[in-house]
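Presented below is the structure to which this report refers.
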Amino acid sequence: MSDLRYSYYPGCSLHASAGEYDLSTRELFAALGIGLEEIPDWICCGATPAHNVDELLSLSLSAKNLALARQVPGDMAVACASCFSRLKFTQHILGENETKRQLVEKAIDGPVHLEHRVKHLLEILARDLGLDRLTQAVKKPLGTLKVACYYGCLLTRPTDVPNLDCTEAPTIMEKVIEAAGAQTIAWSHRLECCGANFTLSRPGVVLQLSHAILDSAKAAGADCIMVACPLCHGNLDIRQQEIEGVYSARYGLPVFYITQLLGLALGLSVEQLGLDALIVNPLPLLNERGLL
Amino acid sequence: MSRIGVFVCHCGENIARTVDVERVAGAAGQLPGVAFATDYKYMCSDPGQGLLKKAITEQRLTHVVVAACSPRMHERTFRKAVEQAGLNPFLCEMANIREHCSWVHEDREEATAKAIEIVGMLVERVKRNRVLPTITVPVTKKALVIGGGIAGIQAALDIADAGHQVVLVEREPSIGGHMAQLSETFPTLDCSQCIMTPKMVDVANHPNITLHTYSEIEQVDGYIGNFQVTIRKKARSVDEQICTGCGVCLTKCPQNKIPNRFDRNLGTRSAIYVPFPQAVPNIPVIDREHCTKFKTGKCGVCQKVCGPGAVDFEQEDRLVVEPVGAIVVATGFELYSIEEKPKGSPIKGYGEFGHGKIPDVIDGLTFERLASASGPTGGKILRPSDGKEPKQVVFIQCVGSRAREKGISYCSKICCMYTAKHTMLFRHKVHDGQAYVFFMDARTPGKGYDEFWRRSIEEEEAVYIRGMVSRLYQKGDKIVVMGSDIAVGVQVEIEADLVVLATAVQPRQGADALAQKLGISYDKYHFYSEAHAKLKPVECATAGIYLAGVCQGPKDIPDTVSQASAAAAKVMTLFARDQLEREPIVARVQERNCVGCFACMKVCPYGAIEEKEIRDRSGKLLKTVAYVNPGVCAGCGTCQATCPSKSVELDGYTDEQIISMIEAL
Amino acid sequence: MTVHHAKQKHDFEPKIIAFVCTWCTYAGADLAGTSRMQYPTNVRVVKFPCTGRIDPVFILKAFQQGADGVLVSGCHPGDCHYMAGNFHARRRFAAFRKLLEFIGVDLQRLQFSWVSAAEGGKWVEVVTELTEQVRAMGPMQEFKALALEEQWSGRLDTPELQEAYQAI
Ligand SMILES: Cc1cc2nc3c(=O)[nH]c(=O)nc-3n(C[C@H](O)[C@H](O)[C@H](O)COP(=O)(O)OP(=O)(O)OC[C@H]3O[C@@H](n4cnc5c(N)ncnc54)[C@H](O)[C@@H]3O)c2cc1C
Ligand code: SF4
Ligand code: SF4
């Protein structure tokens, strides 16, 4: 049991298309003995569209969530890269701009909590819990699996805002999954954009960008891809078959959430981790490697 | 009893309009100690000064107060006049009733009252002014030049040609610096070696230059005109007096696979080596880290083959002390490396460019060695990984420069030009090659520079893409360069055979440590600071020390040479005199009261305070007190305000003088 | 910056004494002059080579001698003509303020600022502000009373001292 506890902000995706990310996060944290309590009445953060349309709205949504998070003790734990980015941006912008801060305080009818710590799951696992304790908890090391860690664009960018890891050459995902015994590969497209929510408005863009990512992961010899963002996951997993069709390629690369792979190493079941919800079926690979 | 003269100036209407000058003179005449007071239309004019001088003699004045403009304007004028009349110049003070009174107030009554008070304060002060003798210090007419790049070479030659002795200290086994590594130089494309080597030889042969290579500055003491410099001559393991430079040892040394730093590790050298064939002096050094003899005690081949018997494994570092009168600092630069930087470094490195791990991603200096006829490839452009000739070469400018998020915000100034040069050299050697350049701006001010840059586009067909590169990665034997073309607004991807990075120019590592030895200041990047950005671009704030070349800020060869000659001219100006005169506003220690706590020593920004032993006649040590070296003291007075026993006093600003002014209120 | 305004008469005209360095603030005050800016006549300037030379005793002395407010001003941090004098001054005055507070001087009467040679306008602002602030506070009584009472103000007006002083 650890003494760590967090106020959990799942964000909309985890209550919808990325239900398995939510499920596996809760199961993993329970197995690691980390307290996770969902913030009552949390609201949508506006994700990537809101701030393009109305900055004040986007800042206010996140500021409101920061205020709500204070109902639950502990730092704020965030799973989605986009929610994480919006929360961090809000703190950054409002910390530097007094006028905007006053406007937002009026909008949410309360103070802005700039000091409240917002943490991505990766940070909690790598730093708060620590790689050593993570390794100790592992029951089934993932030694046979070659993982391509995919960061996407939001987790580390821009410099000085998320402060999760080095902007251009981060290693936090690799470190976390290596702590569970997996092998990681060096590949070129770890930080390229997958197209994000163009998936709805201009799918062609997403197909092209995600194709490049899948292509380079495959070429580098990956067995699977690991992500920490529901949007990246959607584009790489759900659209993978379509991309294969358009570009006449064959990847068959399962795309896992970090929590799913870690859960596997901790001995959690397929159902507990929602592995059956993935579109590219990971079970044959996992079976073959003796990880089930 | 003092006889003070007060002279109130009208400054035409400038003062008289708001201040009733006659009343001021009248009031001054009533002050205790004042023997004479008058007013005049223009005190600074010839007749005004005449009036002053005449009054001094006729009225037998002992002190003078001129109530007029700011002392920053005319203090010198009036002090000189006073001196001509036979009084010590420091017995004259100015009361500022123009800038600080008539110009900033409108009410005549109030302004006049204020002017009277100001004059009163200065009268009290001047009473306590002491006769201060001008201080003179002798000048040692020998200069030290630190760094033997083109900057140091030029400065040394200029000073030596003027007939003065020069000591040139270079850290590496040979002089030459970066210019010796360049292939051809913009804007004329003449060969760097061809114009550099003769100068290097001149240095070696000049009767007035003493050259210490493979040497470093250990310690600097003293002050302008009188520095004492300790130089560490590192053990070369070869006797410089005996070695004939035949080079037999180099060919016989079995340890001959050591990467050659001069060639940016593209070629190899032996453990006993000269960095490059044209080295000056042409005397080898044993690299003890790689030498078998030093590692295992065996070998000694070089010693056996050396005819004159110059190899000396026992040689040790030697310290040489040189007295010099002036110092020119010319320690140059090094290039930013994209490698991952240690934690805590303000500089970040470039993970997106592979942190220096992709062999065919090289920097500009490495490209110079590839293009150099005397380089490791004999002037053929061949890639480091497989020795093949690259056809598609991508050049990336501003790597590290103008990139705040990478730790550097300045422009390195030379890379736009040398990248244009590189595209040309590449085309001259690989006729079917294509050069691409990613750039933010093309900065080409300089005579013939823009024309040169245009030539690279118009005649050598380099493709310039305005935009930055986000990432590059190895794909098979190509390097994929992903960037943006902001002029067209599209993403570009180029599969290159070789990538050349124009990395930022940075001061040498350890530049700060040298600055601390010299007592000169530097900016946050560790470039050395000039005393004034416009009017004193080669002087340091510390008297007697001058700057030349890139150690002061990025610049190309023409600018470096100009600055070096300017620094040399400053040294010659200094050496034109046998003695230096300086304002006698210096601190003095009352040895009787000093308790030797040396609090003053800690706060003095100039290191002017020394320990002095006081002994009785039999030589017994009575006490150790502080001593202010008047040659070094700059007169800030920080020591005086710090001294707990009030034993140190700044001449011209004594406690008595200041307190008398406060009391005159 | 102050604009030209109709001169109004006040009951109390405070005495302000300014200790400034010659390179930055004195030059800044000169610039205010050459730019013909206007400010109250209350300030008297004492010039030092550097703020590093300013002994806290001078400030006490000024208050004793009847100053109602004291201004200390030098070069901006990092711009000191003597490299580090103003840093020493800053450290010294930080400690000194505590002492003043302890002995009961209202710190509003003592102002530290950085005015560069280019900041004529800032000089005017600082001086005007301090004058108005001190005017509102009224005359500084504490020290004056003491000085009169105990005769330790060091005023050179006893007959003996007067005589010795005349002999200088
Ligand atoms: C890739 C590249 C291409 C270039 N091409 C051109 C060109 O075509 N045309 C042009 O005009 N300019 C060019 N330049 C610029 C040119 O190289 C510099 O302007 C010039 O070399 C500066 O000379 P310097 O003497 O100031 O410095 P350096 O050449 O760096 O010399 C400094 C010397 O001081 C020595 N030193 C350093 N520290 C110490 C110490 N503590 N004690 C003793 N000695 C020390 C060093 O060993 C070195 O010998 C180019 C630069 C680069 C990087
Ligand atoms: S002693 Fe050292 S330098 Fe000399 S030949 Fe042997 S290895 Fe080379
Ligand atoms: S000289 Fe040109 S390439 Fe170099 S930093 Fe300046 S702008 Fe960038």
Side-chain angles (χ1 to χ4, degrees), chain B residues 1-2 32-33 69-73 96 98-107 109-111 113-115 117-118 121 124-125 127-128 519-521 541-542 585 587 602-606 634-643 646 650 652-653 655-665, chain C residues 4 7 13 15 17 19 21-22 26-27 29-58 61-62 64-67 80-89 91-92 123-124 127 153-156 162 165-168:
Chain B
M1 179 75 200
S2 46
C69 53
S70 168
R72 291 163 30 89
M73 185 88 195
N96 184 346
R98 192 179 76 176
E99 281 83 346
H100 287 191
C101 189
S102 74
W103 276 351
V104 288
H105 307 310
E106 284 173 332
D107 187 305
E109 205 45 48
E110 281 182 22
K114 177 172 176 180
E117 273 194 48
I118 296 178
M121 286 166 83
E124 284 308 315
R125 184 189 206 284
K127 264 181 215 171
R128 291 160 183 82
I520 60 176
S521 45
T542 309
I585 307 293
K602 290 192 202 99
V603 297
C604 176
Y606 297 89
C636 67
T638 306
C639 53
Q640 182 171 7
T642 307
C643 176
K646 298 275 157 277
L650 182 64
Y653 291 92
D655 279 354
E656 216 195 340
Q657 284 170 306
I658 303 294
I659 288 186
S660 68
M661 284 180 81
I662 301 174
E663 282 176 341
L665 256 184
Chain C
H4 291 239
K7 188 88 194 137
E13 285 299 341
K15 272 192 189 173
I17 188 153
F19 298 129
C21 80
T22 186
Y26 195 91
D30 275 0
L31 179 63
T34 32
S35 324
R36 309 296 200 276
M37 295 168 177
Q38 299 292 311
Y39 57 87
T41 53
N42 308 55
V43 66
R44 302 287 174 273
V45 174
V46 180
K47 177 164 71 89
F48 290 86
C50 174
T51 41
R53 167 68 187 93
I54 302 172
D55 192 324
V57 166
F58 299 150
K61 190 81 200 168
Q64 274 179 21
Q65 283 311 121
C80 178
H81 180 81
Y82 302 98
M83 299 189 300
N86 56 356
F87 287 121
H88 290 299
R91 200 174 319 158
R92 198 182 296 142
W123 166 254
V124 171
V127 168
S153 72
R155 287 186 56 177
L156 305 181
Q162 206 49 267
Y165 160 71
Q166 287 298 330
I168 296 178

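Naming: A, B, ... by sequence-line order, numbering from 1 per chain. Everything numeric here is computed off the predicted structure, so don't read it as measured data.
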Between B:Leu650 and chain C, which part of the residue has a heavy atom less than 4.5 Å away: side chain, backbone, both or neither? side chain
OH of B:Tyr653 to CD1 of C:Ile54, rounded to nearest 0.5 Å, is 11.0 Å
Within the structure provided, determine whether C:Pro40 and C:Glu13 are in side-chain contact (heavy-atom separation under 4.5 Å). no
Ignoring hydrogens and angles, state whether a donor on the side chain of B:Gln640 or C:Asp55 is under 3.5 Å from an acceptor on the partner side chain. no
Under 4.5 Å, counting heavy-atom pairs only, tell me which of B:Thr542, B:Ile118, B:Ile585, B:Ile659 racks up the most with chain C. B:Ile659
Any idea which of B:Gly637, B:Cys636, B:Ser660 has the most non-hydrogen atom pairs under 4.5 angstrom with chain C? B:Cys636
Would you name the heavy atoms of B:Gly33 and B:Lys127 that are closest together and state the gap between them? CA-CE, 4.3 Å
Residue from B:Lys114, B:Arg125, B:Met73 scoring the most non-hydrogen pairs under 4.5 Å with chain C is B:Lys114
Side chain, backbone, both or neither: which part of C:Phe19 has a non-hydrogen atom closer than 4.5 Å to chain B? side chain
Tell me, side chain or backbone of B:Thr642 under 4.5 Å from chain C's heavy atoms, or both, or neither? both
Should the pair B:His100 and C:Tyr26 be assigned to parallel (<30°), tilted (30 to 60°) or perpendicular (>60°) ring geometry? tilted
Is there a donor-acceptor pair under 3.5 Å between the side chain of B:Glu99 and the backbone N or O of B:Ser70? yes
What residue, out of C:Ser35, C:Ala62, C:Ala27, has the most heavy-atom pairs lying under 4.5 Å from chain B? C:Ala27
Heavy-atom cut-off 4.5 Å, strictly under: side chain, backbone, both or neither for C:Ala89 against chain B? neither
Does B:Glu124 reach the side chain of B:Glu663, with side-chain heavy atoms less than 4.5 Å apart? no
Contact part of C:Ile17 toward chain B, heavy-atom cut-off under 4.5 Å: side chain, backbone, both or neither? side chain
